[in-house]
Amino acid sequence: MTDIKHYILATAGHVDHGKSSVVKKLTGVDPDRLPEEKSRGITIDLGFANIELQSGDTTYHVGIVDVPGHEDFVKNMVAGVGSIDIALLIVAADDGWMPQTEEHLQILSYLGVKRGVIAMTKADLVDNKEMAIAGIRKALAGSPLADAVIVPTSTVTGDGFEELKSALTTVLKETPLPGDVGKPRLNVDRVFKLKGIGTVVTGSLSGGQLRKNQGVILQPSGRKTRIRTLQSHSHEVDACQPGTRTAVNLADISVEQVKRGEIITLPDFGPAVDTVDVLIEKSARLADVKSPAANPLKDGARVQFHLGSDNCGARIYFAEREPLKPGDQRIAQIRMESRVFAFANDHFIIRDWSEQFTLAGGIVLDPEGHRRRFRGSKQQNFLLERATEPMDLSATILATLERGGLVAKSGLL
């Protein structure tokens with residue numbers, strides 16, 4: 001009997017290093033769907049494909065999100081990597097490590113992505129592959145992907161793609177299955193209308209299953225709807241599992257009533273909010289980068305806050321009011337200009353107001369932050385305990401009870 005496992009993979013890397021070409025060679029699907037992408041030869045928006053990899057009696061269904069590499073479209077890149085399990089980092093052998101390679105690696109690190117494979121593209125264009133690999137390995141030092149396998153490839157000769165599939169399969173064997181905790185969230189990254197069908201949204205599903213005919217809610221708008229039909233990997237299904245690229249046909253919703261950044265989830269998981277308390281960090285790698293991204297992040301700074309496939313304007317306030325420098329980690333409060341839907345331990349990205357640089361990232365400690373109580377002793381003690389062991393369930397429950405004394409079970413996590 002075949003064991004089927006579902007995962008989401010995203011590409012990452014500098015513009016023109018061949019991300020979309022690698023995806024097309026791996027899957028047979030061209031992820032560049034927009035006419036402007038065809039004419040300009042670069043990825044502008046998110047593209048999607050899928051592949052099945054086999055190992056013994058296990059089949060890995062992998063949904064692939066192909067992201068833009070151009071600096072003007074990093075915002076779109078961040079929208080695509082919010083719910084992924086592994087990364088495929090693309091580095092061209094002839095160009096080597098470039099600015100968006102570094103920025104994308106930092107974004108993956110902030111989002112907690114610890115597993116991946118490096119595809120060294122255009123290997124046919126260099127005489128010394130070992131030297132090119134050594135340069136990539138040196139640039140990866142100190143990152144979560146420092147020990148990732150580097151596979152030389154060429155879409156011209158076809159070399160390396162069987163080895164790339166093998167390397168991806170090996171990583172998937174070591175990757176825990178996406179968790180099913182009964183709290184499904186589909187981060188919407190594409191919305192369109194099909195004649196005779198109606199409004200369809202797509203996204204990466206995490207946290208739980210979605211089912212046909214299930215009543216759901218759109219967050220942060222709070223609009224209620226129902227799932228008419230579901231598709232995954234181009235097949236209609238009765239239910240979708242965490243770790244799948246999912247297409248949802250929504251009942252009684254027009255395309256104008258839903259947009260990228262919204263979340264399809266179930267009712268009763270708490271409200272959308274405009275304030276979250278967080279643990280934020282600024283990558284130590286920025287200390288070696290000559291860029292405005294390396295400048296200290298000041299208390300009260302106006303920034304762009306990216307969560308899932310959503311983003312909004314916000315201001316950031318530090319508990320200790322001191323600027324955040326490269327290598328620092330600090331408790332802070334994010335006060336947003338619009339509402340978002342967040343859970344504890346969600347990962348986020350901070351970019352500058354003009355969306356030119358990635359400044360920091362971190363995790364949500366308290367998804368229902370209170371602006372007046374943020375610097376109070378009870379909340380600071382709670383946040384410090386949460387920050388010490390953010391993934392420890394028992395510690396989270398105890399810290400919550402110590403702060404509040406009595407908590408409704410429905411709102412505890």
Notebook entry, point to check: Any donor and acceptor pair, going by atom type alone, linking the side chain of Glu236 with main-chain N or O of Thr229 inside 3.5 Å?
Noted result: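 Not confirmed, Glu236 side chain does not pair with Thr229 backbone.
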Answer yes or no: is there a side-chain heavy-atom contact under 4.5 Å between [X] and [Y]?
X	Y	value
Met120	Ile136	yes
Ile217	Phe269	no
Val276	Leu307	no
Arg330	Ile316	no
Leu88	Ile64	no
Trp97	Leu105	yes
Val22	Lys19	no
Gln257	Glu262	no

If I take atom [atom1] from residue [X] and atom [atom2] from residue [Y], how far apart are they, to the nearest 0.5 angstrom?
X	Y	atom1	atom2	value
Ile350	Ile280	CD1	CD1	5.0 Å
Glu281	Ile363	CD	CD1	9.0 Å
Arg373	Asp277	CZ	CG	11.5 Å
Tyr60	Thr169	OH	OG1	7.5 Å
Glu162	Leu26	CD	CG	9.5 Å
Gln333	Phe318	CD	CZ	12.0 Å

Checklist line | Residue list, side-chain hydrogen bond (donor to acceptor under 3.5 Å, both in side chains) with Asn295, at least two apart or on another chain | finding: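 Scan of Asn295 (side-chain hydrogen bond (donor to acceptor under 3.5 Å, both in side chains), adjacent residues dropped) gives none.
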Not counting sequence neighbours, which residues clear ring-ring contact (aromatic ring centres under 6.0 Å, His included) with [X]? List them please.
X	result
His347	none
Tyr110	none
Tyr7	none

Check: Would you call Arg115 and Glu174 a salt bridge, using N to O less than 4.0 angstrom?
Finding: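 Looking at Glu174 together with Arg115, the answer is no, because their closest N to O distance does not fall below 4.0 Å.
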Item checked: Note: Asp288-Lys138 ion pair, threshold 4.0 Å (strictly below) ->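 A salt bridge is absent here (no side-chain N lies under 4.0 Å from a carboxylate O).
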Margin query: Distance to the ring centre below 6.0 angstrom and angle to the axis at most 45 degrees; does that hold for Arg190 and Phe192?
Written below: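 Checked: cation-pi criterion met.
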Item checked: Cation-pi geometry met for Arg245 and Phe48 (6.0 Å, 45°) ->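 Satisfied, under 6.0 Å and within 45°.
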Within the supplied structure, the quantity of interest is the number of heavy atoms (other residues, nucleotides, ligands) at a distance under 6.0 Å from [X] [atom1]; does it exceed 12?
X	atom1	result
Lys25	NZ	yes
Arg211	CZ	no
Lys298	NZ	no
Arg335	CZ	yes
Asp180	CG	yes

Margin query: Please evaluate residues Arg228 and Val200 with respect to the criterion side chain to side chain contact (heavy atoms under 4.5 Å, CB included), reporting the C-alpha separation (whole Å), side-chain torsions for both, the decisive distance (0.1 Å), and the verdict.
Written below: CA-CA 10 Å; Arg228 276 200 186 119; Val200 177; over 6 Å; no
Would you say the side-chain atoms of [X] and [Y] include a donor-acceptor pair closer than 3.5 Å?
X	Y	value
Thr358	Glu103	yes
Asp66	Ser20	yes
Thr202	Asp189	yes
Arg260	Asn311	no

Note to self: Please verify the inter-ring angle class for Phe348 with Phe305; under 30° counts as parallel, over 60° as perpendicular, anything in between as tilted.
What the structure shows: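 Phe348 and Phe305: tilted rings.
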Next item on the list: Go through the steps for Asp346 and Arg185 under the test salt bridge (charged side-chain N to carboxylate O under 4.0 Å, His left out), then give the verdict.
Entry: CA-CA 12 Å; Asp346 277 355; Arg185 287 188 294 170; 2.8 Å; yes
Next item on the list: Can you sort out the partners of Pro323 under side-chain contact (heavy atoms from CB on, under 4.5 Å), two or more places apart, ordered by chain and number?
Entry: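 Pro296.
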Notebook entry, point to check: By side-chain contact (heavy atoms from CB on, under 4.5 Å), which residues pair with Glu337, not counting sequence neighbours?
Noted result: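 Listed in chain order: Arg302, Trp353.
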Checklist line | Member of Asn50, Val62, Ile84 meeting the side chain to side chain contact (heavy atoms under 4.5 Å, CB included) criterion with Ile8 | finding: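 It is Ile84; the other options fail the test.
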